[in-house]
Amino acid sequence: MEVLQNKGVALTQDQARWMYRKMLEIREFEDKVHELFAQGILPGFVHLYAGEEAVAVGVCAHLNDKDTITSTHRGHGHCIAKGCDLDGMMAEIYGKATGLCKGKGGSMHIADLNKGMLGANGIVGGGFPLACGSALTAKYKKTDNVSVCFFGDGANNHGTFHEGINLAAIWNLPVIFVAENNGYAEATPFEYASSCKTIADRAIGYNIPGVRVDGKNVLAVYKAAEEAIQRARRGEGPTLIECMTYRNYGHFEGDAQTYKAEPEKKEHKQEKDAIIQFKKYLLTQRLLTENELASVEESVIEAIQRAVRFSEESPYPKEDELLTDVYVSY
Amino acid sequence: MEVLQNKGVALTQDQARWMYRKMLEIREFEDKVHELFAQGILPGFVHLYAGEEAVAVGVCAHLNDKDTITSTHRGHGHCIAKGCDLDGMMAEIYGKATGLCKGKGGSMHIADLNKGMLGANGIVGGGFPLACGSALTAKYKKTDNVSVCFFGDGANNHGTFHEGINLAAIWNLPVIFVAENNGYAEATPFEYASSCKTIADRAIGYNIPGVRVDGKNVLAVYKAAEEAIQRARRGEGPTLIECMTYRNYGHFEGDAQTYKAEPEKKEHKQEKDAIIQFKKYLLTQRLLTENELASVEESVIEAIQRAVRFSEESPYPKEDELLTDVYVSY
Amino acid sequence: MARTISMSEAINEAIALAMRKDPDVVLLGEDVAGGAEVDHLQDEDAWGGVLGVTKGLVQEFGRERILDTPIAEAGYMGAAMAAASTGLRPIAELMFNDFIGSCLDEVLNQGAKFRYMFGGKAQVPVTVRTMHGAGFRAAAQHSQSLYALFTSIPGLKVVVPSTPYDAKGLLLAAIEDNDPVIFFEDKTLYNMTGEVPEGYYTVPIGKADVKREGSDLTIVGIGKQVNTALEAAGHLAGRGIEAEVVDPRSLSPLDEETILSSVAKTNRLVIVDEANPRCNLATDIAAIVADKGFDSLDAPIKRITAPHTPVPFSPPLEDRYLPSPEKVIQAVSELLGETSSLSL
Amino acid sequence: MARTISMSEAINEAIALAMRKDPDVVLLGEDVAGGAEVDHLQDEDAWGGVLGVTKGLVQEFGRERILDTPIAEAGYMGAAMAAASTGLRPIAELMFNDFIGSCLDEVLNQGAKFRYMFGGKAQVPVTVRTMHGAGFRAAAQHSQSLYALFTSIPGLKVVVPSTPYDAKGLLLAAIEDNDPVIFFEDKTLYNMTGEVPEGYYTVPIGKADVKREGSDLTIVGIGKQVNTALEAAGHLAGRGIEAEVVDPRSLSPLDEETILSSVAKTNRLVIVDEANPRCNLATDIAAIVADKGFDSLDAPIKRITAPHTPVPFSPPLEDRYLPSPEKVIQAVSELLGETSSLSL
Ligand SMILES: Cc1ncc(C[n+]2csc(CCOP(=O)(O)OP(=O)(O)O)c2C)c(N)n1
Ligand SMILES: Cc1ncc(C[n+]2csc(CCOP(=O)(O)OP(=O)(O)O)c2C)c(N)n1
Ligand SMILES: [Mg+2]
Ligand SMILES: [Mg+2]
């Protein structure tokens, strides 16, 4: 199998295709959810990941189903990159019985433990301790599995950031803390709320490696994640990776985004767009052809359409589902 | 008035006497509480500050009654250094009606807002946010007052450390965060629980100055605090000062201290003892004479005896005090 | 009193009036202004809170008084407590009451206890505004009604308004109050409109309001569920059953007297509380009446509450989760011993 | 069953038995071993918890299974929740229940809700051991009894033992249980002794225990207050009044049946709960009986609780804060309509 080298990144064609596909799946999924929400079809608080695809995909490219991730309120991208079923995800966002969580969780609580996806999380900062917990299981059971904790720049100021990273560091747990620095927490800029110059700087206080990478460049994320994950698998403890990224939509659906500057919005949808950049790279490096890319694109669009159809056609949970799944036994 | 210079520290005789007196007051007070507790006279959880006098005194030497401090479970030293009444303190520890808090608070909750002492605190890490709050008041009201947050090496891993320091940093609040690194949190060594090499290192993550000083040397503490407090009064924001110190007694009264090594215990009671060191300094520098020191010592011992007598003779609160002071009005 | 505004506007107006009156009042919380230090942002375009409730306040009062915080609930909540005890009169916004998980200590062990622990020598005039309630499709972590937790804590006062009028008057009373007050805002009531006077007025904390008079039974509702109770009462009236609807408005202190004298008149009690069923306000009120009002009771005390489950996301499940007029009518029919259940 | 040990020893033994039986059981918390990585420290000299309850466990199970944590309740409590949902069966010690202020989110919004939010696809077999209770001169932040808070949270089970026997059996049941269980230990009961079998046994969660039979009235006690109730019952018996004392043992689930059938027999109910009075277990149980047991009630339901105040430090105030046999007897005398109050 042909292998290409670039900036220390070696991708097989299969990997490249998988990454391109996953990034597209996220983008199309989120664009579709945006549309459905605007039409009043989807209820609830919905936070879209479009624009940040390179982070989830660049990291999850290194993970298997026994590796775990913790996620955020902006969790669809993590789910998709970790291999969650698109039909089940979309149905969950619809609140249908066929959803990954039977419709009980919704957008902010999609989970699939069989895929190592420990749940989107409506609580900012909720993931840090959880990632330590699944890493503790891995360490205790002497597997070489790792945990990844995705979190936002806003979460970086929450107490759990500190407690979680310190715990992972002193117990030498296999956790990779991945900051998705998209510049804003709701309408509040990173620079206002965070006293650090970079989130990566904070690694010093825990005596662990900390790096900042271009989170729009999936290869850069891929490479940083590879190093960190390998360290963790070798039992050498946690790493903090800060990925500079941007969300294409508002904080949640309905946000007028007045706090974003126009040029910034534009450039992120154009020259900085992670998918456009990766596609260009794949073509110039001749990793995939135009035709191959087009067939991926087509198949992704179909998959999303299928997910919507599946969701539309699925029933709502039966009324008595309200009372089940609270306890194993009570 | 004669002024001596040393390592950039200029103490007047009055200051020197005040500092010596306060350090002794703390030591004698704590030694007495230790004795009373061992006799079964004092109830409750009691955490003694003996051994750490140089920290509270070196810092509080720069504060006035409008400046505020937040404290810890090990709060007697902070109270004394901040000017709380010894009779009222001792009576509080006895649970008497004449206590600073009418006996309702006890050792872990001694407070005197008129002295800027915002309360000992039974919750580890409780002080970080509180210090930000009183500093916010000072900043909002455009006074030049500052807040000092005393905290232990154990508290340095609590989420509130992170949230408090970040908040103070982004709001540029006049807070001085003073770590009392006595090597242990209960029976857990600093090095085990904290991933940082030094607590001062963590300042980098908040982009504020951080220094580590010998907390057994009251002059070193005095000097570091002076700089930090002046910065804060000038509106230049928070500082983190880590003072390396040691507690002479156990975590609380009753602790067998098996985790402490013998040589370490010994040296801290002898050559490293903060009071012995300061006394030597005062004599060699001819800042105070043997006679003057002796008269301070005598007067302190008397003051502590008086406090015990006062407490013994004081009544317990009346029964209906149980129900008052919950609300201003209800 | 002809002006009609929304609950959201009433709350916004109360904050503005309090801030005009007292320069020590500041508002702090996540995005309460929004867009802090963003160059191009005009303050009229600032968020004004996640659902826009505090919109416009930063224009009038500036960023010194409307303080955006990091996502650090423990940090800013503790700061609010100490700021209150050192001379400010802060309004701290906890965006969703569910987030108390991130800052319970600052409320439970700090702010609520300062006064007592310090022998009456501190006061903590803080108001914590927070959103609660199901029905918004916001799922398990953004839909809870946790007022019982706060009600159980000595040192706190707790207020849950059910109308725009009460919301404005109670919020002004809360801000004036020298004790810590937790002020609950049901996110599904923000668009509810009602008559609200323009000027400054207070609704006293600790005084229940009889929202409808009746003689056949008493229905006590908490917050939005007062409206459920009123709706049910309307239907019941059509069947000749006159329900008295009592709105405690303040849960701590609780106006036991108004509740007890209503039950003394009607001899029957139903309580509607959308919180989970265990140790909630419905049990609290039932227990008080089962003690002090026992002799006037002719029938069991019925509680209409959420089930003992988290709040589900799926719309039909969430609808079933909440109390409804139907459920109230059903309980009343049982209470009155009618064999066939009433229907709407 | 002749061996007599203390509550503290019973708990220690339960943990040891569970750890021997199941290699997935780990214990984590602050100083649960003590002296982590101290060179000279022999493990027999390690603390074993702040009051020595877990002493000796690190000797047998080593530091891989007895994990000292930093003072980071949110960090390790959240870790325990996720460890539980990924294959371990952790026992997490929250030193004092008052410290829930530092980690409520991990319990309320994470561990308790995983299973429901994830559509039944997760399970969280964690046991949280925590100390509660007044009477230790530990003042306002170390003396609370916050079990109502946990009882109100769907997804959690809550257990409060009153004897060494129950403590051991309930703790083993809690550790075996596949749902999150909060296990309350009254710090003032650690030295209480009682007969405890040596081997492995469980006391079922959700089953109340009638600790004394009687026909004149029912007294339900929570935790240590069961003993207060028993003491009162002893005195009452001397006056010809036979009180039945019910110990729910588990607050969630609550064995309503046993309580209701006791009241059906005695027609009178007193509840003794040392928590603050609002929205506590006493109100919860009173409300259940005022609904489902209304017809059997001959008298008001009385609650003996702490007052609505923080726990005071001063010994005479703290003594007055707590329920006492005298207060129970007083309530009973009112209940039975005796004009002159009974005395001990
Ligand atoms: C503990 C907590 N506080 C506040 C919120 C409300 N909230 C939801 S998302 C968000 C902003 C998060 O910002 P960031 O971490 O940067 O993630 P992003 O939305 O940018 O992906 C806030 C404040 C919450 N859900 N949880
Ligand atoms: C939030 C919280 N967790 C745990 C405790 C129990 N506790 C009291 S003091 C203490 C150790 C504190 O260590 P450190 O901060 O180093 O202060 P020191 O006792 O050494 O002065 C602990 C764990 C507490 N009081 N509060
Ligand atoms: Mg962000
Ligand atoms: Mg220490």
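Residue numbers begin at 1 in each chain, while the letters A, B, ... track the order of the sequences.
Side-chain contact between Met90(A) and Leu86(A) is absent, with no heavy-atom pair separated by less than 4.5 Å.
Annotation for Phe128(A) and Cys149(A): closest pair CD2-SG, 3.6 Å, computed over non-hydrogen atoms. Taking every heavy atom of both residues into account, Ala16(C) and Leu57(C) meet most closely at CB-CD2, 3.8 Å.
Chosen from Ala36(C), Gly34(C), Pro312(C), the residue pairing most often with chain A at heavy-atom distances under 4.5 Å is Ala36(C). Per-residue counts of heavy-atom pairs under 4.5 Å with chain C were compared for Gly254(A), Gly105(A), Cys101(A), Ala256(A); the largest is that of Gly105(A). With respect to chain C, the highest number of heavy-atom pairs below 4.5 Å among Pro317(A), Ala97(A), Ala185(A) belongs to Pro317(A). Across Ala193(A), Gly99(A), Gly103(A), the residue that shares the most heavy-atom pairs under 4.5 angstrom with chain C is Gly103(A).
Note: Tyr49(A) and Phe29(A) fail the aromatic proximity criterion, with ring centroids not under 6.0 Å apart.
The structure places CG of Leu27(C) at 4.5 Å from CD1 of Ile66(C), a figure rounded to the nearest 0.5 Å. Distance CE/Met19(C) to CD1/Ile91(C): 6.5 Å, rounded to 0.5 Å. Rounded to the nearest 0.5 angstrom, Cys132(A) SG and Leu167(A) CG are separated by 4.5 Å. Between the CZ atom in Phe313(C) and the CZ atom in Phe45(A) there is a gap of 11.5 Å [rounded to 0.5 Å].
The backbone N or O of Ala200(A) sits less than 3.5 Å from a side-chain atom of Glu242(A), completing a donor-acceptor pair.
In this structure, the portion of Ile93(A) lying under 4.5 Å from any heavy atom of chain C is its backbone and not its side chain. Residue Ala74(C) does not touch chain A at all, counting heavy-atom pairs closer than 4.5 Å. Using a 4.5 Å cut-off between heavy atoms, Phe136(C) contacts chain A through both its backbone and its side chain.
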Record all donor-acceptor atom pairs with a distance under 3.5 Å between chain A and chain C; write none if the list is empty.
unit_1	atom_1	unit_2	atom_2	d
Gly95(A)	O	Ser314(C)	OG	2.5
Gly103(A)	O	Ser314(C)	N	3.0
Lys104(A)	O	Phe313(C)	N	3.0
Asn121(A)	OD1	Gln141(C)	NE2	3.4
Gly122(A)	N	Gln141(C)	OE1	2.6
Ile123(A)	N	Gln141(C)	OE1	3.4
His158(A)	NE2	Glu73(C)	OE1	3.4
His158(A)	NE2	Ser102(C)	OG	3.1
Ala187(A)	N	Asp31(C)	OD1	3.3
Ala187(A)	O	Gly35(C)	N	3.0
Thr188(A)	N	Asp31(C)	OD1	3.4
Thr188(A)	OG1	Asp31(C)	OD1	2.7
Tyr192(A)	OH	Asp68(C)	O	2.6
Asp255(A)	OD1	Trp47(C)	NE1	3.4
Thr258(A)	O	His40(C)	NE2	2.7
Thr258(A)	OG1	Asp45(C)	O	2.8
Lys260(A)	O	His40(C)	NE2	3.3
Glu319(A)	O	Arg320(C)	NE	3.4
Glu319(A)	OE1	Arg320(C)	NH1	2.6
Tyr327(A)	OH	His308(C)	NE2	2.9

